[in-house]
Number of protein chains: 2
Amino acid sequence: MGEEKIKEILHQAGLKYTPGRAALIDFLWRASRPLTQEEISLGLKESGLNKVSIYRALDSFLQAGLVHRLESGDRVWKFAFCGCGSRGHCHPHFICRACGKVECLTKVHLPEVAASAQGYIIEEQEVYFKGLCPGCS
Amino acid sequence: MGEEKIKEILHQAGLKYTPGRAALIDFLWRASRPLTQEEISLGLKESGLNKVSIYRALDSFLQAGLVHRLESGDRVWKFAFCGCGSRGHCHPHFICRACGKVECLTKVHLPEVAASAQGYIIEEQEVYFKGLCPGCS
DNA sequence: AATATAAACGCAACTCAATTGCGTTTAGAG
DNA sequence: CTCTAAACGCAATTGAGTTGCGTTTATATT
């Protein structure tokens, strides 16, 4: 992602531009799938961004709606850059039980579920498919 | 739940009948919603079942398909007794962002999603609705 | 009923992702 | 250039969940 675009995104979110955060956004954007802090740390090794700083940056991105955060069954947060803007997850995710990787199924259309039972206010919806990915099946 | 019924369930699962496990199954069955280990410990205080024993019993129940296990966004396992038999979750769950409680939406019908993209083998499906429950809205 | 044995249990110690505290550095507005 | 709040790094802490290990107990078999 271009530096100018990243500056614009951070500015619009009310966050400061720093080399670490720019590298983080670019890395998430290029991955185009949810990543753990560990995966991010490995990928940004040369940038030297601290583990705590990564978590804090991701938290502020989350609050600003720049990323989605999800658990995929192993009690580890995964973060994905997402430009859809909605607070709820805009697309389902596929979790491979063999390699553990998570993918965004941006092309899968989710039908509307009329779950507006009495008194329930539904703000977000998350859908997970679990099984084997093409590489593992 | 009756003692005979519990004995039958445990026997069918190849597990021994113990007072602790019987109390655990009955408690989960009466709750009819996913509970954390902490909630279970509080509810079974008088039974004195140890935290580790609860986790180990729940794990064996999980393997036997007697319970479902899910994460509801706070990195804490929740376990629910479920007689549906399927390994995948047979119904969606509602998570209240205010009180944190999770409910099984057994009455909500999930439409089939044709997500059988090339190479993906889908074994389970989990659907979460997040928002406010009747008590918190 | 007695015995054998594998499962279940309790306690203490451990793991590890995530968070907190705190002092230092830096971005960016004025 | 200066000032201030945001961002950062390091070390210590938290807490759900797990592991090791010795003891107890359910239950099948003699």
Side-chain angles (χ1 to χ4, degrees), chain A residues 3-4 6-25 34-64 66-79 100 102, chain B residues 3-4 6-27 34-64 66-79 100 102:
Chain A
E3 183 180 322
E4 284 313 309
I6 293 175
K7 274 191 172 150
E8 181 193 327
I9 289 172
L10 286 171
H11 187 77
Q12 201 152 2
L15 300 168
K16 287 183 179 175
Y17 177 93
T18 67
R21 296 194 161 187
L24 177 52
I25 288 180
L35 299 176
T36 65
Q37 174 271 317
E38 194 178 1
E39 290 172 310
I40 294 167
S41 279
L42 280 171
L44 299 184
K45 214 174 347 181
E46 71 268 20
S47 96
L49 198 61
N50 185 270
K51 178 184 75 166
V52 178
S53 300
I54 292 175
Y55 276 119
R56 284 199 270 235
L58 290 169
D59 280 345
S60 56
F61 294 170
L62 187 65
Q63 290 234 314
L66 297 177
V67 301
H68 285 157
R69 186 180 73 174
L70 56 96
E71 291 170 284
S72 53
D74 54 1
R75 305 200 333 117
V76 177
W77 293 127
K78 289 192 175 65
F79 299 86
V102 179
Chain B
E3 182 179 323
E4 284 312 310
I6 293 175
K7 274 192 172 149
E8 182 193 327
I9 288 173
L10 286 170
H11 187 75
Q12 203 152 2
L15 299 168
K16 287 183 179 175
Y17 177 93
T18 67
R21 296 194 161 187
L24 177 52
I25 288 180
D26 185 58
F27 189 65
L35 299 176
T36 65
Q37 174 271 319
E38 194 177 2
E39 290 173 309
I40 294 167
S41 279
L42 279 171
L44 298 183
K45 212 172 350 182
E46 71 268 19
S47 95
L49 198 62
N50 185 271
K51 178 185 76 166
V52 178
S53 300
I54 292 175
Y55 276 120
R56 284 200 270 236
L58 290 169
D59 280 345
S60 55
F61 295 171
L62 187 66
Q63 289 234 316
L66 297 176
V67 301
H68 285 158
R69 186 181 73 175
L70 56 96
E71 292 171 283
S72 53
D74 53 1
R75 304 200 333 119
V76 178
W77 294 125
K78 289 194 174 67
F79 299 85
V102 179

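So that the names make sense, note that chain A is the first sequence line, chain B the second, and so on, each numbered from 1.
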Output the rounded distance in Å from [atom1] ([X]) to [atom2] ([N]).
X        : N       : atom1 : atom2 : result
Leu24(B) : dA8(C)  : CG    : C1'   : 13 Å
Asn50(A) : dG23(C) : CG    : P     : 18 Å
Leu35(B) : dA16(D) : CG    : C1'   : 16 Å
Trp77(B) : dA17(C) : CH2   : P     : 14 Å
Leu42(B) : dA16(D) : CG    : P     : 12 Å
Asp74(B) : dT19(C) : CG    : P     : 12 Å
Gln37(B) : dG10(C) : CD    : P     : 12 Å
Glu71(A) : dG17(D) : CD    : C1'   : 14 Å

(message) Which residues in residues 12-21 of chain B have a heavy atom closer than 4.0 Å to any atom of DNA chain C?
(response)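 Going residue by residue through residues 12-21 of chain B, the ones with a heavy atom under 4.0 Å of DNA chain C turn out to be Leu15(B), Lys16(B), Thr18(B), Arg21(B).
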(message) For Lys7(B) and Val52(B), find the nucleotide of DNA chain D closest to each by heavy atoms; which residue's nucleotide sits nearer the 5' end?
(response)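 Going by which nucleotide is closer to the 5' end, it is Val52(B).
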(request) Take Ile54(A) and Lys51(A), find for each the nucleotide of DNA chain D with the closest heavy atom, and name the residue whose nucleotide sits nearer the 5' end. (result)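 Whichever sits nearer the 5' end wins; that is Ile54(A).
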(message) Are the side chains of Trp77(B) and Leu58(B) in contact, using a 4.5 Å heavy-atom criterion?
(response)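 When only atoms from C-beta onward are counted, Trp77(B) and Leu58(B) do not touch, as no gap falls below 4.5 Å.
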For a quick test of reading the model, state the closest non-hydrogen atom pair linking [X] to [Y] and the distance between them.
X        : Y        : answer
Leu44(B) : Leu24(B) : CD1-CA, 3.8 Å
Ile54(B) : Ser41(B) : CD1-OG, 3.4 Å
Arg21(A) : Ser60(A) : NH1-OG, 3.8 Å

So does [Y] get a backbone contact from the side chain of [X], meaning a donor-acceptor N/O pair under 3.5 Å?
X        : Y        : value
Glu71(A) : Arg75(B) : yes
Arg69(A) : Phe79(A) : no
Glu39(B) : Thr36(B) : yes

(message) With nearest nucleotide decided by heavy atoms, which residue, Arg75(B) or Ala57(B), maps closer to the 5′ end of DNA chain C?
(response)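 First, find each residue's nearest nucleotide; the 5'-ward one identifies Ala57(B).
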(message) On DNA chain C, compare the nucleotides closest to Arg56(A) and Thr36(A); which residue's is nearer the 5' end?
(response)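 With Arg56(A) and Thr36(A) compared, the 5'-side residue is Thr36(A).
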(message) Between Ser53(B) and dG10(C), is there a contact of a side-chain N or O with OP1 or OP2 at under 4.0 Å?
(response)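 So the side-chain polar atoms of Ser53(B) do come within 4.0 Å of the phosphate oxygens OP1 or OP2 of dG10(C), strictly under.
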